[in-house]
Undergrad: 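Following this message is one structure expressed as structure tokens.
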Amino acid sequence: MSKNLDGYKQQVTNIVTRAHQMRSALLDPILDDSGKFISDSKARAERLKGAVSNSVYESTGENAPMILGAHSRALQAFCQRYGRLPNDEILASAHQAIENAMIVGKTGNGLPGVFESADMSTTEGIMMRDRMVSLILPVLLQSVTAQMTTLIPGQFNRSEMFRVHRVAGSTFGDLQAGDRIDFRYNGRYAVMDQMSAPYLGDATKKQFVFDSATDRGKLMPIKPGSVKILHDRNIVAYDDNNGHILGVFALAGATINISGTVDYASGQVTVDFSAAPAAGIEIHIGYDVDIEKDYKLIPKIDHQMESRVLVPHESAITGSVTLQALWGLRRGGRSGRHQNEHGRLQDPRQGDGGRGRLEDGGR
């Protein structure tokens, strides 16, 4: 656990910067001066084309306007459906994924994952890369899990996640300095209305003394008029603003008188019972800390950071047909041919005589 939050701050800055770049490229060009979406599709397309320059999409080359347009339409559909923008983490993750894909495209053969059989020096390889890039943001925006989880812009070989914990920076109330404050905490750290630890009656002891310097570890001035004495969790006496404690209550037919003194400046309270509380009965002394007498007593909040580094594992699988070859077959199918069960291409307008073996080059 570290108090140095530099890594976390850098991560936040990275996310905010990447998300802003995505909004500038995808959203700003299709909004009019009133903040509404431009209805003219041709005007939108022209403005998006101009947004390619100096954006992460510029590195995709001649297909950049098409990819940027697809992402912009997906973002517009999300905004219209949910009435809000996607969070920064989703946009930043998409930006990083696009950047990663373009880095892959520059490294040549021997690429990881789905690109392992692609040669980025060929038209087919570039088309495969651009197809993958065009799907990045639409898939993220339509994914249910993306709305339920926290995303981070992921690197190829190493990603770091941070968790920041809120901790007590002072010893105050029911917390010690360094104690963690999470969603389960429901104590008295920030309130000046404080309560002493319980004093237990033993049927003989009549006097109880609270000293903030020893009981709380530091001198805490007490606000006049705030002291109350509790017998078995029932308030039975108060101070009179002048350093005196007065009270009376009935118990089992007997009248119990309470007296005592308060030294407001030194944070000391002395309580006397006319009859000793029974064994096991809890006596509490409540008071308000006079924070105006010593502003240094104001409790502080600190933060501690946990860091986890994620390193991906590799997976490997091979097949008799690559994705690049399958896409090549699909392109061939659009010209009026289809593949039969024997791997031959057949023109549907001809009979058996129209069949021919698939040769290299797709002819």
Side-chain angles (χ1 to χ4, degrees), residues 165-304:
H165 298 280
R166 187 182 297 111
V167 298
S170 313
T171 297
F172 193 87
D174 50 4
L175 292 180
Q176 299 292 316
D179 286 350
R180 185 175 297 179
I181 304 174
D182 57 20
F183 66 93
R184 295 166 295 184
Y185 176 72
N186 184 24
R188 310 176 70 86
Y189 184 62
V191 296
M192 298 301 107
D193 178 15
Q194 296 292 314
M195 188 74 67
S196 71
Y199 302 96
L200 292 179
D202 60 5
T204 61
K205 187 175 182 179
K206 295 183 180 180
Q207 187 178 82
F208 301 89
V209 178
F210 169 77
D211 185 345
S212 63
T214 55
D215 291 14
R216 292 300 189 189
K218 63 178 67 175
L219 190 154
M220 294 184 178
I222 294 175
K223 181 178 290 187
S226 68
V227 177
K228 49 188 175 290
I229 310 304
L230 287 80
H231 176 278
D232 198 20
R233 300 187 181 276
N234 296 303
I235 299 176
V236 293
Y238 300 89
D239 74 309
D240 63 356
N241 284 287
N242 293 309
H244 303 100
I245 294 176
L246 301 170
V248 61
F249 69 103
L251 181 65
T255 299
I256 309 297
N257 293 298
I258 301 173
S259 60
T261 59
V262 181
D263 187 333
Y264 299 113
S266 64
Q268 295 177 332
V269 181
T270 301
V271 183
D272 293 294
F273 286 80
S274 61
I281 292 296
E282 292 184 351
I283 305 299
H284 290 86
I285 299 175
Y287 60 97
D288 280 16
V289 178
D290 195 348
I291 206 70
E292 294 182 1
K293 299 295 185 192
D294 187 357
Y295 72 91
K296 295 180 181 179
L297 291 174
I298 297 175
K300 300 177 182 179
I301 294 291
D302 282 340
H303 295 86
Q304 293 179 345

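For the single chain, residues carry numbers from 1 onward in sequence order.
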Undergrad: Once you round to the nearest 0.5 Å, how far does CE of Met192 lie from CD1 of Ile291?
TA: 4.5 Å
Undergrad: Determine the minimum heavy-atom distance between Ile222 and Gln268, stating which atoms define it.
TA: CD1-N, 4.2 Å
Undergrad: Assign the ring pair Phe208 / Tyr199 to parallel, tilted or perpendicular, where the plane angle (0 to 90°) is split at 30° and 60°.
TA: tilted
Undergrad: Closest heavy-atom contact between Asp240 and Asn242?
TA: OD1-N, 2.9 Å
Undergrad: As an exercise, state the distance from NZ of Lys293 to CG of Leu219, rounded to the nearest 0.5 Å.
TA: 12.5 Å
Undergrad: Are there over 12 heavy-atom neighbours, none belonging to Glu292, within less than 6.0 Å of that residue's CD?
TA: no
Undergrad: Has Asn241 got a side-chain atom pairing as donor or acceptor with Gly225's backbone, closer than 3.5 angstrom?
TA: yes
Undergrad: Could you check whether any side-chain heavy atom of Val271 comes within less than 4.5 Å of a side-chain heavy atom of Ile283, counting everything from C-beta outward?
TA: no
Undergrad: Backbone N or O of Lys300 within a donor-acceptor pair of the Ser170 side chain at under 3.5 Å?
TA: yes
Undergrad: Could you tell me the separation between the NE2 atom of His284 and the CZ atom of Arg233, rounded to the nearest 0.5 Å?
TA: 5.0 Å
Undergrad: Has the side chain of Tyr287 got a donor or acceptor atom that lies under 3.5 Å from a matching backbone atom of Ser196?
TA: no
Undergrad: In terms of ring plane angle, is the pair Phe273 and Phe249 parallel, tilted or perpendicular, where the classes change at 30° and 60°?
TA: perpendicular
Undergrad: With distance as the sole criterion, is a donor-acceptor pair present between the side chains of Asp179 and Tyr185 under 3.5 Å?
TA: no
Undergrad: Does a salt bridge link Arg184 with Asp182, judged by any charged N lying under 4.0 Å from a carboxylate O?
TA: yes
Undergrad: Could you check whether any side-chain heavy atom of Leu251 comes within less than 4.5 Å of a side-chain heavy atom of His231, counting everything from C-beta outward?
TA: yes
Undergrad: With a 4.5 Å cut-off on side-chain heavy atoms, are Met195 and Leu230 touching?
TA: yes
Undergrad: Specify the closest pair of heavy atoms between Phe172 and Val191, including all atoms of both residues, with the distance to one decimal.
TA: CE2-O, 3.6 Å
Undergrad: Answer whether the closest heavy-atom distance between the side chains of Leu200 and Glu282 falls below 4.5 Å.
TA: yes
Undergrad: Which is it for Met220 and Asp215 under the side chain to side chain contact (heavy atoms under 4.5 Å, CB included) test, yes or no, and what are the steps along the way?
TA: CA-CA 10 Å; Met220 294 184 178; Asp215 291 14; over 6 Å; no
Undergrad: Please examine the side chains of Val269 and Ser212, heavy atoms only from C-beta on, and report whether any two atoms are closer than 4.5 Å.
TA: no
Undergrad: Testing the basics here: between Pro224 and Asp239, what is the closest heavy-atom pair and its distance to 0.1 Å?
TA: C-OD2, 3.8 Å
Undergrad: Once rounded to the nearest 0.5 Å, what's the spacing between atom CD1 of Ile245 and atom CD1 of Ile258?
TA: 9.0 Å
Undergrad: Tell me the closest heavy-atom pair linking Asp290 and Lys223, and the distance in Å.
TA: CB-N, 3.7 Å
Undergrad: Mark yes when over 12 heavy atoms from residues, nucleotides or ligands other than Lys218 sit less than 6.0 Å from its NZ; otherwise mark no.
TA: yes
Undergrad: With a 4.5 Å limit on heavy-atom distance, are the side chains of Arg216 and Phe210 in contact?
TA: yes
Undergrad: State, to 0.1 Å, how close Ala237 and Gly247 come at their nearest heavy-atom pair, and which atoms those are.
TA: CB-CA, 3.8 Å
Undergrad: Could you measure the distance from the CG atom of Asp272 to the CD atom of Gln207? Nearest 0.5 Å is fine.
TA: 4.5 Å
Undergrad: Measure from the side-chain N and O atoms of Asp288 to the backbone N and O of Ser226, and report whether any donor-acceptor pair falls under 3.5 Å.
TA: no
Undergrad: How long is the gap from NE2 on His303 to CZ on Arg166, to the nearest 0.5 Å?
TA: 5.5 Å
